[in-house]
2 protein chains.
Amino acid sequence: MSLLHAVLGFVAIQPMTGYELGKAFSTTAAHFWPADQSQLYRTLHRAEADGLVESTTVEQATRPDRRLYTLLEPGREALAAWLASPLEPDNSREPFLLRLFFAASLGTAGVIELLDQRRSAAVELLTTLDALASSAPHKPSKTTLAIQLQYATLESGRAHARAEITWLDELRAELADHKESAR
Amino acid sequence: MSLLHAVLGFVAIQPMTGYELGKAFSTTAAHFWPADQSQLYRTLHRAEADGLVESTTVEQATRPDRRLYTLLEPGREALAAWLASPLEPDNSREPFLLRLFFAASLGTAGVIELLDQRRSAAVELLTTLDALASSAPHKPSKTTLAIQLQYATLESGRAHARAEITWLDELRAELADHKESAR
DNA sequence: ACGCCATATAAGACTTGTCCTATATTCGGA
DNA sequence: TCCGAATATAGGACAAGTCTTATATGGCGT
């Protein structure tokens with residue numbers, strides 16, 4: 001249900017087309033909210049049908065027509081209501097933990113391989129986020145709250161990626177130790 | 001698709017009924033893989049139709065009959081294939097970050113409230129996991145790999161909860177500072 | 001006595017998200 | 001010159017998960 005709110009959130013900042021929304025998601029929110037293109041357009045259709053946004057067709061010579069979406073008052077209210085609503089408890093799925101949980105049959109060496117794979121992915125994510133963070137406004141201190149918060153979501157990703165790497169390293173060491181002592 | 005693998009993973013440890021699976025999930029895997037009861041049974045039906053597991057009905061006097069599921073060879077193979085398959089990149093959704101990203105209209109004070117709510121939830125999660133960890137076998141050092149890995153998923157949850165709290169505190173301080181200096 | 005919880009399984013309706021394909025044009029690279 | 005990527009929108013099929021309700025009974029607390 002939250003893609004709708006994200007769409008309202010973006011359109012609240014500035015009227016946008018579906019295509020621009022797609023860009024906005026993939027450049028700024030991809031790491032915590034992947035948005036499928038198809039679903040994005042469907043969500044826009046529904047939002048318009050529900051009177052939350054309004055679209056105007058902008059004709060273009062060479063490119064297909066664009067549909068520019070503008071936030072309407074009910075949309076603004078829905079957005080505000082969402083922001084003010086109580087946080088529901090997190091129940092996200094972690095495929096990696098699921099796998100690890102059942103990975104004993106891989107043996108210690110196999111599990112260590114798995115951890116290494118995961119570590120690589122985490123390092124890659126961290127470097128991507130680092131790059132994004134340093135390309136963004138040099139440390140926000142004299143910026144708007146909006147920019148600070150957007151930056152904060154990046155920081156969150158980095159903090160968790162670092163935590164993941166540390167945890168993986170500790171687990172790896174523990175398993176390697178255990179294997180060692182079993183010889 | 002992964003609920004199927006989780007089911008195979010549990011049944012591989014020991015033949016189980018759907019009800020027992022539900023218990024197993026909620027007591028050991030709930031924090032990284034919530035399993036809906038209805039979906040669990042549906043997954044079992046499908047797994048049986050696909051020849052991955054086999055069920056035998058155990059009649060009971062007072063209680064409804066139980067259907068005990070046993071892992072078949074194709075199921076074991078599917079489980080092994082899953083464990084050996086390459087890790088797909090993580091693309092989990094983080095509703096809280098989404099909200100934070102768009103939360104500027106709440107104002108600094110409103111955002112701080114939001115952070116505090118989130119912090120409470122994170123602390124609560126951490127204490128739940130701490131309790132689970134200390135009720136589990138006192139520090140695994142001389143246990144099986146399976147137990148070590150199951151314990152590791154708990155540790156992962158704790159590490160991330162701690163990272164979340166630290167990040168929240170830093171962000172909160174930054175926002176409070178900013179607000180202070182704006183007076 | 002009444003209701004709620006545990007035991008046990010299951011179907012139905014619905015929402016959300018993913019993947020694939022279609023359409024139409026322009027520009028840049030190999 | 002051909003192929004793919006970018007621009008722009010959209011539908012269809014499907015998978016996965018959520019929420020609600022149904023059925024049936026025994027035990028516990030108030």
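Every chain is numbered from 1 and lettered A, B, ... according to where its sequence line falls, protein lines coming before strand lines.
Among the heavy atoms of the strands lying under 4.0 Å from A:R42 is at least one base atom, whether or not backbone atoms are also near. Among the heavy atoms of the strands lying under 4.0 Å from A:T17 are primed sugar atoms or P, OP1, OP2 only; no base atom is included.
Set against D:dT9, D:dT7, C:dG17, the side chain of A:Y41 has D:dT9 as its closest nucleotide. When each of C:dA8, D:dT7, C:dG17 is scored by its nearest atom to the side-chain atoms of A:K23, the top-ranked nucleotide is D:dT7. You'll find that the side chain of B:Q39 is closest to D:dG17, out of D:dT9, D:dG17, C:dG17.
For the pair A:R67 CZ and C:dT23 P, the computed distance is 20 Å after rounding to whole Å. To the nearest angstrom, P of C:dT15 lies 18 Å from CG of A:D36. When rounded to the nearest whole Å, the span between CG of B:L40 and P of D:dC19 equals 15 Å. Distance B:H5 NE2 to D:dA15 C1': 14 Å, rounded to the nearest Å. With rounding to whole Å, B:E20 atom CD is found 14 Å from C:dA6 atom C1'. Going from atom CZ of B:R46 over to atom P of D:dC14 covers 14 Å, rounded to whole Å. Atom CE of A:M16 is separated from atom P of D:dT7 by 13 Å (rounded to the nearest Å). Here C:dA10 presents its C1' atom at 8 Å from CD of B:Q37, a figure rounded to the nearest Å.
Residues passing the side chain to side chain contact (heavy atoms under 4.5 Å, CB included) test with A:Y19, sequence neighbours excluded: A:T17, A:K23, A:Y41.
Projected onto DNA chain C by closest heavy-atom contact, B:R66 and A:S38 fall at different nucleotides, the more 5' of which corresponds to B:R66. With the nearest nucleotide of DNA chain C identified for both B:Y19 and B:R93, B:Y19 has the one nearer the 5' end. With the nearest nucleotide of DNA chain D identified for both A:L68 and B:W33, A:L68 has the one nearer the 5' end.
Listed here is the closest heavy atom pair of B:G107 and A:L145: C-CD2, 3.5 Å.
Atom CZ in A:R172 sits 4.5 Å away from atom CG in A:D116 (nearest 0.5 Å). Taking NE2 from B:H5 and CZ from A:F102, the interatomic distance works out to 11.5 Å, rounded to the nearest 0.5 Å.
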Under the side chain to side chain contact (heavy atoms under 4.5 Å, CB included) rule, what do B:Q150 and B:T28 come out as? Steps first, then yes or no, please.
CA-CA 8 Å; B:Q150 288 167 24; B:T28 66; 5.7 Å; no
